[in-house]
Asks: 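Take this structure first; my questions come after.
Within every chain, numbering begins at 1; the chains are lettered A, B, ... in the order of the sequence lines, protein sequences first and strands thereafter.
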Amino acid sequence: MFALVDCNNFYCSCERVFDPKLDGRPVIVLSNNDGCAIARSEEAKQVGIVMGTPEYMIRDLIKEHNVAVFSSNYTLYGDMSDRVMKLLASFVPRLELYSIDEAFLDMSELAYENLLELGMRIRTTVTQSTGIPVTVGIAPTKVLAKMANRFAKKKRKDIGVHWLGNDYLIREALEATDVGDIWGVGHQYSTMLVRNGFKTAADLVNAPEDFVREKMSVVGHRLIKELKGIPAIEWEFEPKKKKNICTSRSFGSLTQSKDVMIEAVSNYAALCAGKLRKEKSCARELIVFVKTNQFRTQDKQYEHAIRMQMEVATNNTVELIKYALKGLDIVFKDGYNYQKCGVIVNDLVPETEIQFGMFDQVDRKKNNTVMHALDKVNQAFGKDIVRFAVQRFDKRYRLNARFLSKKYTTDINEVLHVKI
DNA sequence: TCTGGGGTCCTAGGACCC
DNA sequence: TCTGGGGTCCTAGGACCC
């Protein structure tokens, strides 16, 4: 048996932990650049705020219902996530961190008779220790655990836990779940399945094998097995090494300036380099892309990406910035209103397995020492104190974040003050 | 008229996830 | 005025090889 534990409306719940006055009030959190609503409290869902709606389209709703609005604060959410995951890990021998707010727990070797009770204990412990409410779904496979979790949210609100412990309960959940609400069935597949007469998960579980194989490839085949209670999706108890790393952001406002983009691209390259070093990986390929805003039909549109192979795989900030700027030089064209740019590093290899070039002139050992020192200093200050000249400090391209809460848990200057 | 067969590797694009 | 960011996996088709 496996459990899927997920945090309810995670980003909103994080904001609420540090401001109890928000209890009972609709809360939403916006995507980067204060673009769209990406997290909503129950109250916000009830007043009709739809996931992914741009903020400017719901201003009336926000005003009318006194909705509390936040810019996303990933420093805070990341730290709260760590706390929740550490608690979850104390209940089971193994768990898989699935996303910032979800984990699969391996309950197969536990001696508990009643997993429902265990689920409830997990739930109270996490809520009491972190203030974050969670829901637990328990079932024989990942897909069914997801389904159980969803069922718990809809129909077991009182206890927040659901255990698909026998065939009857599995049947009930399958019948109560529309195909589009199955984990792994997105919009395209959902439309196709409904068109072919499959309405609920209970319909899909009996779909002919070759139909599923043809229309949904092996992904669909695995999905059906999982729905039947036969595990078909791999477990990853060890976090896998990343295969590519991307840093990209929209600009706070559209820009035509190459100067501004030089600054942005060098910062994104530096961020990629930092992420690479954290992963203990080096990249052999770097991609730079730029694009205009597709929603502005009145603007000339342009989108371009350039891939560059690097002679020796690297995670050195200076080198990656150098390549990234070379790339920008190629993709940048004058006269467009740019909305976004980004840097992707690809073809990653472990630091320890780098092939050195025969004519490589770079003193890599010295470079590594410098980068290591840079990471240490920046880590100690909690922000990028040490930077390279092109990165500048003024962030002329910076994102909008008008409703940002404090770094309550990671910055000593921003901890909560308590008056007694 | 009719233009092999079998294999690998790479890439772009599509689907999905949170 | 204002529409996120960061990933994974799978497949078809092209390039290339013998």
Asks: At under 4.0 Å between heavy atoms, what does N400(A) touch on the DNA or RNA strands: base, sugar-phosphate, or nothing?
Replies: nothing
Asks: Could you write out DNA chain B as dot-bracket? Rules: Watson-Crick or G-U wobble, both distances under 3.5 Å, brackets [ ] for crossings, | for pairs with another strand, dot for unpaired.
Replies: ....||||||||||||||
Asks: Would you say S31(A)'s side chain and C36(A)'s backbone share a donor-acceptor pair under 3.5 angstrom?
Replies: yes
Asks: For K146(A), which contact category applies under a 4.0 Å heavy-atom criterion: base, sugar-phosphate, or nothing?
Replies: sugar-phosphate
Asks: Where do K333(A) and Y338(A) land on the side chain to side chain contact (heavy atoms under 4.5 Å, CB included) test, with the steps shown first?
Replies: CA-CA 10 Å; K333(A) 280 209 294 201; Y338(A) 290 101; 3.9 Å; yes
Asks: How would you give the extent of chain A contacts on DNA chain B, as first and last nucleotide 5' to 3' within a 4.0 Å heavy-atom cut-off?
Replies: dA12(B) to dC18(B)
Asks: In whole Å, measure the gap between the P atoms of dT3(B) and dC18(C) for me.
Replies: 24 Å
Asks: Please determine whether a side-chain nitrogen of the Lys or Arg among E175(A) and R171(A) lies less than 4.0 Å from a carboxylate oxygen of the Asp or Glu.
Replies: yes
Asks: Take atom CD of E238(A) as the centre, draw a 6.0 Å sphere, and report whether it contains more than 12 heavy atoms from other residues, nucleotides or ligands.
Replies: no
Asks: By nearest heavy atom, map K240(A) and Q339(A) onto DNA chain C; which one lands nearer the 5' end?
Replies: Q339(A)
Asks: Are F104(A) and Y98(A) an aromatic pair by the rule of ring centers under 6.0 Å?
Replies: yes
Asks: Heavy atoms under 4.0 Å, any strand shown: does N244(A) hit a base, just sugar-phosphate, or nothing?
Replies: sugar-phosphate
Asks: Looking at D6(A) and K146(A), is there a salt bridge between them, counting it only when a charged N and a carboxylate O are closer than 4.0 Å?
Replies: no
Asks: Just to be sure I understand the rule, does R249(A) reach a base, reach only the sugar-phosphate, or reach nothing, if contact means heavy atoms closer than 4.0 Å?
Replies: sugar-phosphate
Asks: If you look at every strand shown and take non-hydrogen atoms under 4.0 Å, does T247(A) touch a base, only sugar-phosphate, or nothing?
Replies: sugar-phosphate
Asks: Look at all strands and tell whether I245(A) reaches a base, only sugar-phosphate, or nothing, counting heavy atoms closer than 4.0 Å.
Replies: sugar-phosphate
Asks: Ion pair present between K86(A) and D82(A), side-chain N to carboxylate O less than 4.0 angstrom?
Replies: no
Asks: Once you apply a heavy-atom cut-off of 4.0 Å, does E102(A) come out as touching a base, just sugar-phosphate, or nothing?
Replies: sugar-phosphate
Asks: Which is true for R307(A) with a 4.0 Å heavy-atom rule: it touches a base, it touches only sugar-phosphate, or it touches nothing?
Replies: sugar-phosphate
Asks: Between R213(A) and F295(A), just flag the one whose closest nucleotide in DNA chain C comes earlier from the 5' side.
Replies: F295(A)
Asks: Regarding K45(A) and E42(A), does a basic nitrogen lie under 4.0 Å from an acidic carboxylate oxygen?
Replies: yes
Asks: Is any side-chain N of the basic residue among E43(A) and R16(A) closer than 4.0 Å to the acidic one's carboxylate O?
Replies: yes
Asks: Scan E55(A) against the nucleic acid and name what it touches under 4.0 Å (heavy atoms): base, sugar-phosphate only, or nothing.
Replies: nothing
